[in-house]
Amino acid sequence: MLAATWNVNSIKARLDHVKNWIGTNRPEVLMMQELKGESFPADDFSALGYNNAFVAQKAYNGVATLSPHPIEIITDRLPGGDSDEQARYLETRIQGVRLINIYLPNGNPVDSDKFTYKLAWMDRLIARITELRRQADPFIIAGDFNVIPEDRDCYDPVVWANDALFRMETRRRFRTLINLGLTDAFRVFNQEASQYSFWDYQAGAWPRNLGIRIDHFLCSPTLADRLESCHIDKEPRALEKASDHTPVLANFSG
DNA sequence: ATGGCTTTATGCTAAAGA
């Protein structure tokens, strides 16, 4: 099963890029983040042979999962936040695999309630995954985590030291997820530094390769055993009017 | 980055992103 995650930074602005990418790669699962609007172009993806599930809101956030296979929606809210209206979580089942598509809050600036919200959101995610780990059900969490896991995942750890994506409170919670028995799929196959999934639009970050790795696949143990490859596809980042993120792909046997 | 770009919204500028 070929699965992919891609923060598209507006599905409306990126529709042609996404359609072309699907046509070239034909993933069995595509999890997208930052739809940035209430409407979703379901017909465009139906025409390519893809079913969809999505959760969206006006202007911000929004996640969608596409597949040529039937999609069972388990929940479109991260449990534990009754007053949380933000469209950042979509849990589905496709081909017997639970696919958890997330757009984890950015959290900047760190002296604001946005950082508090981010950390609380991560605590809720940890609680949800703790519950799922009590079951045998195989699952994948994929999406824009807004977490730089380690020094080697950014171009300059000093620059990022006090950023919400790299603060110790954030990284510690990411490690807690890993320590529940999950596998960072990308690092199974690639131990090199400077392997990025995001480059800022500003200051020539892309041509200078000043990026960060914040889009991740975390796999439960039985799916980690089935991992055949995981890589970052940098090609879409080089296009005109590109998203600032680029797709990450993971392939599983069976 | 104390913000150099991009997107949304119903706009003549602000907010958010990372």
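The model shown is predicted, which means the values in this text are computed figures rather than measured ones. The analysis underlying the following values was restricted to heavy atoms, covering all of them including side chains, and did not include hydrogens, waters or symmetry mates. Reminder, nothing fancy here: chain letters follow the sequence lines and each chain counts from 1.
Residue A:Arg14 has a polar side-chain atom (N or O) positioned under 4.0 Å from OP1 or OP2 of B:dT7.
In summary, of the residues considered (A:Ile212, A:Asp144, A:Asn7, A:Ile214), a side chain to side chain contact (heavy atoms under 4.5 Å, CB included) with A:Ser197 occurs for A:Ile214 alone.
Residues A:Lys12 and A:Gly204 both approach DNA chain B. Their nearest nucleotides, taken by heavy-atom distance, put A:Gly204 toward the 5′ side.
Atom name P, nucleotides B:dA1 and B:dA16: the rounded distance is 23 Å, in whole Å. For B:dG3 and B:dA14, the P atoms lie 15 Å apart once the distance is rounded to whole Å. Rounded to whole Å, the C1' atom of B:dT7 lies 14 Å from the corresponding atom of B:dA18. Nucleotides B:dT8 and B:dC12, compared at atom C1', are 15 Å apart to the nearest Å. For the C1' atom pair drawn from B:dA15 and B:dT10, the interatomic distance equals 15 Å after rounding to whole Å.
A:Ala59 comes within contact range of the sugar-phosphate backbone alone, with a heavy-atom separation under 4.0 Å but no base atom that close.
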N/O to N/O distances under 3.5 Å, protein versus nucleotides 16-18 of chain B:
| from | atom 1 | to | atom 2 | distance (Å) |
| --- | --- | --- | --- | --- |
| B:dA18 | OP1 | A:Glu34 | OE2 | 3.0 |
| B:dA18 | OP1 | A:Asp144 | OD2 | 3.3 |
| B:dA18 | OP1 | A:His245 | NE2 | 3.3 |
| B:dA18 | OP2 | A:Tyr103 | OH | 3.2 |
| B:dA18 | OP2 | A:Asn106 | ND2 | 3.4 |
| B:dA18 | OP2 | A:Asn146 | OD1 | 3.3 |
| B:dA18 | OP2 | A:Asn146 | ND2 | 3.0 |
| B:dA18 | N9 | A:Asn106 | ND2 | 3.2 |
| B:dA18 | N7 | A:Asn106 | OD1 | 3.4 |
| B:dA18 | N7 | A:Asn106 | ND2 | 2.7 |

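Between the C1' atom of B:dT8 and the CD atom of A:Gln33 lies a distance of 18 Å, rounded to the nearest Å. Atoms CZ (A:Arg208) and C1' (B:dG4) sit 10 Å apart, rounded to a whole Å.
Residue pairs meeting the salt bridge (charged side-chain N to carboxylate O under 4.0 Å, His left out) criterion with at least one member in residues 199-219 of chain A, sequence neighbours excluded: A:Asp153-A:Arg213, A:Asp184-A:Arg213. Sorted by first then second residue, the ring-ring contact (aromatic ring centres under 6.0 Å, His included) pairs that include residues 16-47 of chain A, not counting sequence neighbours, are A:Trp6-A:Trp21, A:Phe40-A:Phe45, A:Phe40-A:Phe54.
Few gaps surround CD on A:Glu72; more than 12 heavy atoms of other groups in view lie less than 6.0 Å from it.
The main-chain N or O of A:Leu78 is found under 3.5 Å from a side-chain atom of A:Arg124 such that the two form a donor-acceptor pair. Side chain of A:Arg88 to backbone of A:Ile102: no donor-acceptor contact under 3.5 angstrom is found.
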